[in-house]
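So the structure is just underneath, and the comments pick up after that.
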Amino acid sequence: MIELSPRFNFKEVDEKWSRYWEEQNLFHAAVNPAKKPYTIVIPPPNVTGILHMGHALNNTLQDIMIRYKRMCGFEVLWMPGTDHAGIATQNVVERQIAKEGKTRHDIGREEFLTRLWAWKEEYGDTIIRQLKKMGASCDWPRTRFTMDEDYSMAVRAGFVSLYKKGLIYRGEYIINWCPRCLTALSDEEAEHREIQGNLYYIRYPFQGNAREYITVATTRPETMLGDTAVAVNPKDKRFKNFVGKTLLLPLAEREIPIIADPLVDSKFGTGAVKVTPAHDPNDFEMGRRHHLEFISVMHPNAVLNEKAGEFEGMDRFEARESVVETLTELKLLEKVEPHTHAVGHCYRCHTVVEPYLSRQWFVKMKPLAKPAREAVKTGKIKFYPPRWTKVYLNWMDNIRDWCISRQIWWGHRIPVWYCVGDGHCQLACKEPIVSETPPKACPHCGSSNLKQDEDVVDTWFSSWLWPFATLHWPETNKDLEYFYPTASLFTAPEIIFFWVARMIMAGMEFMGDIPFSDVYIHGTVRDTKGRKMSKSLGNAIDPLEIIHEYGADALRFSLIINSGQDLFISKEKFEIGRNFANKIWNASRLILLRVDRPNADFAIEKINRKELDLPSRWIISRFFSTRDKVSSAIERYRFSEAESLIYDFFWGNFCDWYLEIIKDSWHEAGVQQIALGVFENTLKMTHPFMPFVTEEIWSQFRKEKGALCVQAWPASNKKCINKKAEEDMQTMIDLIASIRHTRTQWSIAPSERLRCHFVVRSPEDRALLETNRGILMNLGRLGDIRIDEKWTPVKDAALIHAGSIQCAIPLAEIIDVEKEKKRIWNQIKDQEKALEGLARRLQNKDFLRKAPQEIVEKEKSRLTDLEVKVGELKRSIGRLE
RNA sequence: GGACUCAUAGCUCAGUUGGUUAGAGCGUCGCCCUCACAUGGCGAAGGCCGUAGGUUCAAGUCCUACUGAGUCCACCA
């Protein structure tokens, strides 16, 4: 027999079972025509990642669903894997190299990539190991990586396919540029944050008349050397006569025209705006419309270039101050106003993003968005909670083209080659060669002097293929056919645009079908002050530390019970999970250490229900109603609700009452059978939430049935749900609670046995008390009970009631009759108040006419109940005299 | 500027499509180390359901406005 200590030894147990599950390959999924598939693809964590609370929550949710569906008989595939995380990973290795005093350019692309792969080999599956510790039941041998050989093939295939359809193009536009990472970013990768800045009012004098000027307002004076116009709104009367005239750009002493463009808001600033087409997306638009010159005044690292004249060599922020200073000296700075505005920041390094003119690859999004939008609009894909639908649709409706090229080295290199050629086919060779595999020669001139595009694609351009590329698309195969589309996707709200929306687009485009039918968006893990948990804030709680101190089950349970919305987590919150695991453990000790025939068949559905006593009927009924509610909650993605149901049932019903009751009838026929049957099924029901403790206990008495994680989920059994039994038992519980309350109130020693005089109004009540006499005696610690149909005088007694049963507990010598009377009077007052309201309602004609009949009936019977109760109380109080 | 979420016990939250006297956990206060569990047991105290209107026979629940907290989106430089 395994050691059964009063403490659940999670350390040994966690380790033992995660090893066992993996060794037995119990989570492997294979095409099985006899079963329905159920697939979830894991949101692939970054290879740079280490497990944080967000991962813990995300993966626990998935694991609950996966384990539940597996037990329900689906062929379950939980596809694991990791994401190469282009910029993030490159940054890590760049920092490593920086310690050696080198940059990636010093060691070269090839060597740098070797270093990156080496890093990935060493650290890349850290998070996978951590997920296993949490009990995640993925099909681990399938673990994929977004830069696996055939996954890379899928990325190239996707690129080529879109290019051939004209949905990928290359061009020079203003994009978000990170001057630190030295790469382009997509719009989503630029995080907007409010910045306290200034609005500078600068005078631009007219050409030939330095005393006349137009004042423009700008937040970024450092870009003014790149100005090629000043724009006003065409409807703005103030400037009507100036349009077409020429100004002299200060500092540069360059002539620039005044143009009229509807983009200008005449209410903002002075109504006149400097136009810098190479440094602002709006200005870029205007520049195109008015055929302005595009002057870029910055190097890629945001240091001003030779176009900036005297400011060359300065960093952009340094240059801003310097420009302002110079303008002040020239008396061209009219005023400075504080101004808060949203500024884009690199989502990887938080550097302020520079709107930068450069040549990049883009995906045309509108054609892809259309079917993706429809899939959600028509309900083929549903969001849980549904409010995210609107967020998604709104993004789809305002979609803009996606800049997918990145000037980094870690990633999928763009599958495009340019003919450097021999010179004589220059024209034809301007057409790039787009191909899944490296071309041997230029199709136009035959030259083999080809050069591949230096850039790689956005990481999300690979992860948007995740639901099918993990199943080896574009190859067709049985797995892909069987497991795609997947069932549900679990993710955080901030990933909706990056990933969810794009996966839907990719699914529709490449597979012609939705990638998943449900999207469950869970809350964000925060600290108790509501701040997002992050390493840099130092407020993060390490899930591994929780696993170490409280166990994986405790981590899982505690997270999920708090997961109704955003989670506000402190370390103490994990105690609830630890305590619950320990409670389950100790309940198992009680049962397993006492059971005589552990191997008998204890299936509760086979038990003859008619002959059962009340506690048995009650616990069986409670189990099956809980089971149905838990199933329904899981199906509706209400995981915290499911956990509360299990917690309340197991602790509040099974342990607090049922186990206490059967302690005294342990050897009676059928008792152990029911206790074990309910316990066994409760373990199954709890397993998806707390896999370790349940599997361990299971193995102690159900080993011959195989592992718990592959058992069948308890079947629903409506016949076992017995409302009457639940009500009767509730009456018993209420009576016992009242007796206990009386004990506490009058400070009666636990050893003192009390007498109870029950007064019943029906033979049913009498039968209830008589058949459950033992329970009352034991749990109420009674010495004797008496059951009457009518009140007989009882001197100096405490009065209690439950359901339609009244009870007097004689407490001569102890009781303060006046105090007890006052207590009862207070009760009567409360009841009368309710009675009054009820009576008033029942006299209301509108209520009688308009309310549903069943409600009226219910209220009527409630009224009589209350009247009787008040009458009883009033009469009983007389007995105290 | 637009959209969204939240506001219920000291704290963290439940509260299904409106329908008994609004619940739980933690914390607090009593009493118990009773032979599964002190990570436990029993009991108690604690709420004008953010404010003001409205709809309804009936509102914590639906509508409007306001206040406070938070999130996302956005090309007013």
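By convention in this document, chain letters (A, B, ...) are assigned in the order of the sequence lines, proteins followed by strands, and residues within each chain are numbered from 1. Keep in mind it's a predicted model, so treat the numbers as computed, not measured.
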Presence of donor-acceptor pair under 3.5 Å, side chain of [X] and base of [N]:
X	N	answer
A:Arg862	B:rU20	yes
A:Lys583	B:rC37	yes
A:Glu660	B:rA36	yes

Scan [X] against the nucleic acid and name what it touches under 4.0 Å (heavy atoms): base, sugar-phosphate only, or nothing.
X	result
A:Ala342	base
A:Trp651	sugar-phosphate
A:Arg740	sugar-phosphate
A:Asp265	base
A:His279	nothing
A:Lys573	sugar-phosphate
A:Pro355	nothing
A:Arg781	nothing

Value in whole Å for how far the [atom2] atom of [N] lies from [atom1] of [X]:
X	N	atom1	atom2	result
A:Asn398	B:rA74	CG	C1'	9 Å
A:Asp397	B:rA3	CG	C1'	13 Å
A:Lys663	B:rC35	NZ	P	9 Å
A:Ile828	B:rU21	CD1	P	19 Å
A:Leu838	B:rU20	CG	P	11 Å
A:Asn579	B:rG27	CG	C1'	14 Å
A:Lys571	B:rC26	NZ	P	19 Å
A:Phe847	B:rA59	CZ	P	12 Å

For the ring pair [X] and [Y], is the centre-to-centre distance below 6.0 Å?
X	Y	result
A:Tyr637	A:Phe383	no
A:Phe689	A:Phe557	no
A:Phe498	A:Tyr347	yes
A:Phe692	A:Phe10	no

Do A:Thr340 and A:Gln196 pair up side chain to side chain, a donor and an acceptor below 3.5 Å, judged on atom types alone?
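No, because no side-chain N or O of A:Thr340 sits under 3.5 Å from a partner of the opposite role on A:Gln196.
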Taking only the side-chain nitrogens and oxygens of [X], find out if one of them lies under 4.0 Å from OP1 or OP2 of [N].
X	N	result
A:Trp585	B:rG40	no
A:Gln827	B:rU21	no
A:Lys274	B:rA77	no
A:His341	B:rA74	no
A:His741	B:rA44	yes
A:Arg638	B:rC13	no
A:Arg400	B:rA74	yes
A:Arg841	B:rA58	no
A:Arg387	B:rA3	no
A:Arg594	B:rA36	yes

Over 60° means perpendicular and under 30° means parallel, so classify the ring planes of A:Phe268 and A:His339, tilted if in between.
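The rings of A:His339 and A:Phe268 stand perpendicular, inter-plane angle above 60°.
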Once the angle between the rings of A:Phe654 and A:Phe679 is folded into 0 to 90°, is it parallel (under 30°), tilted (30 to 60°) or perpendicular (over 60°)?
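Ring orientation, 0 to 90° scale: parallel.
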Pairwise [atom1] distance for [N] and [M], with rounding to whole Å:
N	M	atom1	answer
B:rC35	B:rU28	C1'	31 Å
B:rU21	B:rC31	C1'	28 Å
B:rA9	B:rG47	P	10 Å
B:rC6	B:rG15	C1'	15 Å
B:rG50	B:rA14	P	14 Å
B:rG40	B:rA58	C1'	44 Å
B:rA24	B:rG46	P	14 Å
B:rU56	B:rC62	C1'	10 Å

Please pick, from B:rG19, B:rA77, B:rC73, the nucleotide with the shortest atom-to-atom distance to any side-chain atom of A:Phe497.
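Closest of the options to the side chain of A:Phe497: B:rC73.
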If you only use heavy atoms from C-beta on, which nucleotide in B:rA74, B:rU21, B:rG43 is closest to the side chain of A:Glu194?
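Of the options given, the side chain of A:Glu194 lies nearest B:rA74.
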Does NZ or CZ of A:Arg502 come closer than 6.0 Å to the centre of the six-membered ring of A:Trp402, within 45° of the ring's axis?
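Yes, A:Arg502 and A:Trp402 form such a contact.
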Reading RNA chain B from 5' onward, which residue's closest nucleotide shows up sooner: A:Tyr647 or A:Asp283?
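First, find each residue's nearest nucleotide; the 5'-ward one identifies A:Tyr647.
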Can you work out whether A:Pro6 or A:Asp656 has the more 5'-proximal nearest nucleotide on RNA chain B?
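Nearest-nucleotide comparison on RNA chain B picks A:Pro6.
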Shortest non-hydrogen contact between A:Met365 and A:Asp401, atoms and distance
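The answer is N-OD1, 3.1 Å.
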